[in-house]
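Owing to the predicted nature of the structure, the values given are computational and were not obtained by experimental measurement.
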Amino acid sequence: MKAVRGRLLSFDDDPAVAGESHRYLEDGLLVLEDGTIKQIGEATDLLPGLPRDLAIDDYRDHLVMAGFIDPHIHYSQTQVIASYGAQLLDWLNTYAFVEEQKFADPAHGARIAEFFLDEALRNGTTTAAVYCTVHPASVEALFTASHARNMRMIAGKLLMDRGAPDGLLDTAQAGYDESKALIASWHGRGRQHYAVTPRFALTSTEAQLEAAGALLAEHEGVYLQTHLSENPREAEAVAALFPDDESYTAVYDRFGLLGPHSLFGHCIHLADSERTRLSESGSVAVFCPTSNLFIGSGLFDRDRARDQRFPLRIALATDVGGGTSYSMLQTAGAAYKVLQLQGQTLAPLQAFYDITLGNARSLDLDRHIGALVPGREADLVVLDARATPAMAHRMETVEGDLAEELFVLMTLGDDRAVRATYVAGERLHSRAKTS
Ligand code: GUN
Ligand code: ZN
C-alpha cells in the first residue's frame, strides 16, 4: 500500500452533457493498493486512519489526474514525425512506407517499442490505441514491452495487401492468420487488447476487408481501428477503387467494420449519410488536430460531429507521426485552435475530460481507467503548471482559478509539465522540479 498526495482532479461525466461534472480536492490523498485506487479523499480525513509509516509521494503543489489516453498513434512512425512538405498520399509514400519497412527486423521493432513507451510515459500517457506495422513481430515487440510495464494498451498488425511497396504487403489469408494468432496470444493477456487494423481502404482488397470483418465477428471484445476520410484526394481514390459503394464509410460498413469498438481516425470530410451510419453503429470518430494541421488534411468540425441528428462518439488523439507531438496537452491545445478557426471552442475542463474519462469511454475502458475512483486502476499523471519559466510567469496572474490553470497547461504545457506518471500504482516516470 502507498499513497499520493496532491491536488486531485477527476471527472464523473462529460461537461458538454452533464454540466459541472468534475471533482476537485485541494489537498487530496489517493491510497493505492495492488495496482488500483483503494481510497480517495481529503488528506486530513484519511491520514489518521492510515498506517504511520505509509509511503506517501507528496505532490501538494501539483495536479494529480487519471493518466492521459491517446486513442490513435503509430508507434512505427517515431522517426517519421516532423517530415517536411507533403499531404497524405505523398507523405505515406515518401516517408511512412519507407520507415515502416524497417520493422521487418524484429530488433528494430523492439528498440522503437521501448522508446515509444518511454516517450508516452514522459508525456503522461498511460494508455494508447497503437498502429504497429504489417509485420507480426512489430506487434509482438509492442505488446511485450507494454506487458512488461503493465500498461493498458490496444494494438494491432496493419492489414495491407495492395497499394504499398512489396515489403509492406501481406495477403488477405496471411493477414487473417497472423491477426488471429496475435489475438490468441495477446488479447486479454494482462492489460493488453487487440485491434484488427486494416490501414485504410486504399491498402486493402475486398477480400482483406472481408477477412477483417470475419476477425471482428469471431473475437468478442477486439477493436477495429482504421483511417476514414482524412484527405480529399484519398477520398477520391477510394471512390474510384470502390465505385459501387455510396461512400467511403459505406465501404467499411459493407464488410461489417462499424460498431462500438470501431475507431475511425480523422473523419473530416464526411457526408450526412456517413455520419448517420457511424452514429447508428456507435462508431468512434477520432479527432487528431496536430496531424490534421501538419498534413494539411482539414479542420474537424466538432459541432457537426455532435449534431443531434447524427451524434458521433468522439475521441481526441495525437496521430504521431502525422501528428507533431506526443503530448496530449499539446493535442488539446491544437484542438482548441482548430475549433477556434471554425468559431467553435474547447473549454479547458472539457479538454481534460476528453483526454481522460472521455477517451476512456470512447475506448470502452472506463470501467478500468480514466477517473480517480476506488476500484479503478491506478494510472496517474502529476502535472506542474509552473514547469517552465514562461508557464511560471503566466501562472503569477492565475489566482486559484482551476480552469485557467488547465488552460495554461494545454496551451503552454508539454512533457516538461509532467512531473510523474504512474502505471497500475507504480511510478514509472518522474522528473525533477524545474522552476
Ligand atoms: N492513412 C493511412 N495510413 C495513414 C497513416 O499512417 N497516417 C495517417 N495520418 N493517415 C493514414
Ligand atoms: Zn493514423
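Taking both residues in full, the closest heavy atoms of L409 and A417 are given as CD2-CB, 3.8 Å, listed atom of the first, atom of the second, then distance. Annotation for T203 and Q208: closest pair O-OE1, 3.7 Å, computed over non-hydrogen atoms. Nearest heavy atoms, V338 versus P289: CG2-CB, 4.0 Å. Nearest heavy-atom pair across S204 and L159 is OG-O, 3.4 Å. Contact between V381 and A66 at its shortest, heavy atoms only, is CG1-O, 3.5 Å. Looking at every heavy atom in both residues, H269 comes nearest to N231 through CD2-N, 3.8 Å.
Using a distance-only test at 3.5 Å, with no hydrogens or angles considered, no donor-acceptor pair links the side chain of E426 to the main chain of V423. A distance-only check finds no donor-acceptor pair linking the side chain of Y223 to the backbone of A155 [under 3.5 Å]. The main-chain N or O of I73 is never found under 3.5 Å from a side-chain atom of T318 such that the two would form a donor-acceptor pair. For S279 (side chain) and P311 (main-chain N/O), a donor-acceptor pair under 3.5 Å exists by modelled atom type. With hydrogens and angles disregarded, a donor-acceptor distance shorter than 3.5 Å links the side chain of S138 to the backbone of T133. Under a 3.5 Å cut-off, the side chain of K157 and the backbone N or O of G175 do not form any donor-acceptor pair. In terms of modelled atom types and a separation under 3.5 Å, the side chain of T36 and the main chain of L32 share no donor-acceptor contact.
Residues L47 and I56 form a side-chain contact, since some pair of their non-hydrogen atoms from C-beta on lies under 4.5 Å apart. Between M328 and T356, the closest side-chain pair of non-hydrogen atoms is not below 4.5 Å. For the pair V222 and L215, the minimum side-chain heavy-atom distance is 4.5 Å or more. No side-chain heavy atom of I37 sits less than 4.5 Å from a side-chain heavy atom of V373. With contacts defined as side-chain heavy-atom distances shorter than 4.5 Å, the pair H429/V418 qualifies. When side chains are defined from C-beta on, I314 counts as touching R302, because their heavy atoms get closer than 4.5 Å. Two residues are said to be in side-chain contact when any heavy atoms from C-beta on lie closer than 4.5 Å; F352 and L329 meet this criterion. Looking at T421 and V382, their side chains never come closer than 4.5 Å, going by heavy atoms from C-beta outward.
With hydrogens and angles left out, the side-chain atoms of S247 and T249 include no donor and acceptor closer than 3.5 Å. Between Q344 and D301, the side chains place a donor N or O and an acceptor N or O closer than 3.5 Å (distance only, hydrogens not considered). For the 3.5 Å distance criterion, the side chains of Q330 and N123 fail to qualify, holding no donor opposite an acceptor. Judged purely by distance below 3.5 Å, without hydrogens or angles, the side chains of R152 and H193 pair a donor atom with an acceptor atom. At a cut-off of 3.5 Å, with distance as the only test, no side-chain donor of Y326 or T125 sits close to an acceptor on the other residue. Side-chain N/O atoms of D14 and Q350 include a donor and acceptor closer than 3.5 Å. Side-chain polar atoms of Q192 and S146 form a donor-acceptor pair below 3.5 angstrom. Using modelled atom types and a 3.5 Å distance limit, the side chains of R419 and H62 yield a donor-acceptor pair. For the residue pair T197 / Q225, a side-chain donor-acceptor distance below 3.5 Å is found, with atom types taken as modelled. Inspection of the Q340 and Y336 side chains reveals an N or O donor paired with an N or O acceptor under 3.5 Å.
Note: W186 and F143 have parallel aromatic rings, judged against thresholds of 30 and 60 degrees for the angle between ring planes. Taking the six-membered ring where tryptophan is involved, the planes of F287 and F300 are essentially parallel, since the angle between them stays under 30° and well short of 60°.
Classification of R277 and E274 as a salt-bridged pair fails, no side-chain N sitting under 4.0 Å from a carboxylate O. Using a 4.0 Å cut-off between a side-chain N of Lys or Arg and a carboxylate O of Asp or Glu, E405 and R394 do not qualify as a salt bridge. For the pair D379 and R376, the salt-bridge criterion is not met [side-chain N within less than 4.0 Å of a carboxylate O]. D12 has a carboxylate O that lies under 4.0 Å from a charged side-chain N of R23, or vice versa, which qualifies the two as a salt bridge. Here R149 pairs with D118 in a salt bridge; the nearest charged N to carboxylate O distance falls below 4.0 Å. Between D354 and R361 there is no salt bridge, since none of the side-chain N atoms of the basic residue sits less than 4.0 Å from a carboxylate O of the acidic one. D27 has no carboxylate O lying under 4.0 Å from a charged side-chain N of R7, or vice versa, which leaves the two without a salt bridge. Salt bridge absent: R386 and D384 never bring a charged side-chain N and a carboxylate O closer than 4.0 Å.
In summary, the aromatic rings of F103 and H135 are positioned with their centroids too far apart to meet the 6.0 Å limit. Aromatic ring centroids of F115 and Y75 lie 6.0 Å or more apart. Here the two rings, on H72 and Y131, have centers that are under 6.0 Å apart. Aromatic pair H187/Y194: centroids not less than 6.0 angstrom apart. The distance between the ring centers of Y248 and F264 does not fall below 6.0 angstrom. Aromatic pair Y252/H227: ring centres not closer than 6.0 Å.
Each of L380, D57, L121 was compared with R427 under the side chain to side chain contact (heavy atoms under 4.5 Å, CB included) criterion, and only D57 meets it. Of the listed residues (E100, E99, H74), just one forms a side chain to side chain contact (heavy atoms under 4.5 Å, CB included) with V80, and that residue is E99.
To the nearest 0.5 Å, atoms CG (D319) and CG (D70) are separated by 8.5 Å. In this structure, CG in L406 is found 6.5 Å from CE in M65, a value given to the nearest 0.5 Å. With rounding to the nearest 0.5 Å, the separation of CD in E280 from CG in D253 is 8.5 Å. For the atom pair L8 CG and L30 CG, the distance stands at 4.5 Å (nearest 0.5 Å).
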What verdict does the side-chain contact (heavy atoms from CB on, under 4.5 Å) test give for L270 and L278, after you've listed the backbone C-alpha separation in whole Å, the side-chain angles of each residue and the deciding distance to 0.1 Å? CA-CA 10 Å; L270 294 176; L278 290 167; 3.6 Å; yes
- Task: Starting from the C-alpha separation in whole Å, work towards a yes-or-no answer on side-chain contact (heavy atoms from CB on, under 4.5 Å) for F116 and L142.
- Result: CA-CA 9 Å; F116 170 76; L142 196 270; 3.9 Å; yes
Original post:
Do E114 and R111 pass the salt bridge (Lys or Arg N to Asp or Glu O under 4.0 Å) test, and can you show the C-alpha distance, the side-chain angles, and the key distance before you say yes or no?
Top reply: CA-CA 5 Å; E114 297 294 344; R111 181 175 81 86; over 6 Å; no
R431 and R416: side-chain contact (heavy atoms from CB on, under 4.5 Å), yes or no, with the steps? CA-CA 8 Å; R431 68 186 290 143; R416 294 168 294 180; 3.8 Å; yes
Derivation and outcome, side-chain contact (heavy atoms from CB on, under 4.5 Å), residues S262 and S283 = CA-CA 5 Å; S262 296; S283 300; 4.3 Å; yes
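Every pair passing salt bridge (charged side-chain N to carboxylate O under 4.0 Å, His left out) that includes a residue from residues 36-46 is listed here, sequence neighbours excluded: E33-K38.
Residue E210 qualifies as open at atom CD: its count of foreign heavy atoms under 6.0 Å is 12 or below.
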